[in-house]
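Right, one structure below, let's go through it.
Chain A is the first sequence line, chain B the second, and so forth, proteins listed ahead of strands; every chain is numbered from 1. All values below were derived from every heavy atom in this structure, side-chain atoms included, with hydrogens, water molecules and symmetry-related copies excluded.
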Amino acid sequence: MSKSALQFLHNGREVAIFVDGGTSLLVTLRELIGDMTPKFGCGQGGCGACSVLIDGELHLACLTLAETVSGRAVETLDGLKDGPNLHPLQRAFADNFAAQCGYCTPGMLMAAKALLDRNPSPTRADVVEAISGNICRCTGYEPIINAVLAAAAGGWTRA
Amino acid sequence: MPVTVKTFATSGEAAAALSSDRAARYLGGGTLVMRALNEGDIAISTIVRASDHALTRIDAAGARVRIGAGVTFAKIIAERELAFLHAPARSIGGPAVRNMGTVGGNLFASSPYGDFTVALLALDATVAVQSGLGAREVGIEEFLQSRERQAGLVLSVSCQKPASADAFRYRKIARIKPKGGSVITLAAYLPTSGGRIVGARIALGSMAPAQVRAKSAERALEGRPLDAATISAAAAAATEGTSPTDNALASAWYRREIVGVHLRRLLAGQE
């Protein structure tokens, strides 16, 4: 039951910490590193609020054992913005009223980034599929889909 | 509650660790074990992992395919030789779950999950299991009947590729599209010889605690052409031997009512 050493890249910055056995990546990010952008929703993999990118692939931080990201690159919403400047996806979400309560928004943005990094010109069906693991209880999804399409239409460069 | 995490270089060492500790669970993609830990499952005291590359290998060049237990559903969808398994893989979770969830873990997912295993059951897959006594191959039906008592580690699953695209059919009924837990899941393997079905296998998910075969429906198809009368007979027999339960997605009654309807549509090739 001892703690184990863990090193990984968090939004491009090297972190080295000790974690208890069985700790999830979500708890590691929020409670040990202080990155509150991934949210705890269900803890079961059903809602997508904790979505992060691991080596560029979309994963659920609540179901990721912290030890498994050793030596890997973890990206969260906190790494998306550039100082005070919003990322184009964030700007598109604001312009299209794609956030209401905002709890799903970090996960939605990371799911959208995973899509656009792989496919910069998605169809509407591609966007629906890409955010299908992320639940939103406010917007009815339409503004979110429109925001992702608007971000793609504005030209997407992988950051 | 903290648990002990043990990571091994080989699947043999991991299997030995699992066999010697009843409170140890193997962690593949994490979608089952981490969920249990998040819910505070105190029956798990040790997590076992293996970094063995053999667990993530896909061998799909020949007529018989072998898929490592650690292969994710995203990898299945990316493999052109496994086109017959793309529909079941796509029917699971959203993109994040498909990047994490594995073929081996799906064998242990109970209703309303475990859709990929429904496809493997219809395809008469074989499961390779490594225990303290060595590696052995088990038929998937036998494996599913005793999965809660399995000691050791699942290494891979293997099955024959269907002779034609039309010979294997899959359908998942969910309330939320494109993602959602299974109301019921159906898969049918329908090999034909001289216009008649020979060796039909129909598998159902969420119609019992574990995935089951609809053997009465299979008998109704056997040796007959796939015509309207045969399809009706199979659909009428679809509920025999099943024991669905109520959950938030559907009642047991509803599942019994619709399984024949969807089996009829699957066999008739209707959307």
Side-chain angles (χ1 to χ4, degrees), chain A residues 1-4 6 18-27 38 40-71 107-108 110-115 118-119 125-135 141, chain B residues 1-8 23-51 70 72-75 77-78 90-102 105 109 112-113 174 176-181 248-249:
Chain A
M1 308 262 183
S2 59
K3 287 181 186 286
S4 54
L6 174 64
F18 289 95
V19 292
D20 283 323
T23 304
S24 71
L25 177 62
L26 182 60
V27 167
F40 183 91
C42 65
Q44 300 184 345
C47 75
C50 64
S51 299
V52 298
L53 304 188
I54 300 175
D55 290 341
E57 266 188 0
L58 193 67
H59 282 247
L60 298 167
C62 77
L63 297 184
T64 301
L65 180 70
E67 278 99 327
T68 61
V69 301
S70 173
M108 287 287 182
M110 297 317 285
K113 183 177 191 297
L115 167 71
R118 200 179 63 249
N119 176 6
D126 293 335
V127 176
V128 170
E129 175 60 41
I131 62 165
S132 62
N134 297 70
I135 289 176
Y141 300 100
Chain B
M1 192 181 76
V3 298
T4 303
V5 180
K6 294 179 179 173
T7 304
F8 299 96
R25 293 274 292 274
Y26 185 79
L27 183 129
T31 56
L32 297 176
V33 174
M34 287 304 289
R35 178 184 167 140
L37 286 180
N38 288 344
E39 287 174 352
D41 188 342
I42 55 169
I44 305 172
S45 68
T46 305
I47 288 177
V48 173
R49 298 170 60 218
S51 50
T72 63
F73 301 114
K75 291 278 189 299
I77 293 167
R90 267 201 203 96
S91 76
I92 293 166
V97 167
R98 290 197 291 273
N99 283 334
M100 301 173 73
T102 63
Y113 306 111
I176 309 163
K177 288 174 181 165
K179 172 206 152 87
L249 297 168

- Item | side-chain contact (heavy atoms from CB on, under 4.5 Å) partners of A/Val128, counting only residues at least two apart | A/Ile145, B/Pro178
- Item | All side-chain contact (heavy atoms from CB on, under 4.5 Å) counterparts of B/Ala174, not counting sequence neighbours | B/Lys172
- When only pairs under 4.5 Å are counted, which of B/Asn38, B/Thr31, B/Leu27, B/Thr46 shares the most heavy-atom pairs with chain A? B/Asn38
- Task: For each of B/Gly30, B/Ala96, B/Ala36, B/Gly101, tally heavy-atom pairs with chain A at distances under 4.5 Å, and name the one with the top tally.
- Result: B/Ala96
- Query: For the residue pair A/Leu58 and B/Pro95, what are the closest heavy atoms and their distance?
  - Reply: CD2-CB, 4.3 Å
- Task: Please look at B/Arg90 and chain A and tell me whether the side chain, the backbone, both or neither of the residue comes under 4.5 angstrom of a heavy atom of that chain.
- Result: neither
- Message: Applying side chain to side chain contact (heavy atoms under 4.5 Å, CB included) to B/Arg49 and A/Leu65, what does each step give before you reach the verdict?
- Response: CA-CA 11 Å; B/Arg49 298 170 60 218; A/Leu65 180 70; 3.8 Å; yes
- Assess whether side chain to side chain contact (heavy atoms under 4.5 Å, CB included) is satisfied between A/Thr64 and B/Met34, documenting all intermediate values. CA-CA 7 Å; A/Thr64 301; B/Met34 287 304 289; over 6 Å; no
- Taken to the nearest 0.5 Å, the spacing of A/Cys42 SG from B/Glu39 CD works out to 9.5 Å
- Message: Under 4.5 Å from any heavy atom of chain B, what part of A/Ser4 do you find: side chain, backbone, both or neither?
- Response: neither
- Going by heavy atoms in the side chains, are B/Met100 and A/Leu60 under 4.5 Å from each other? yes
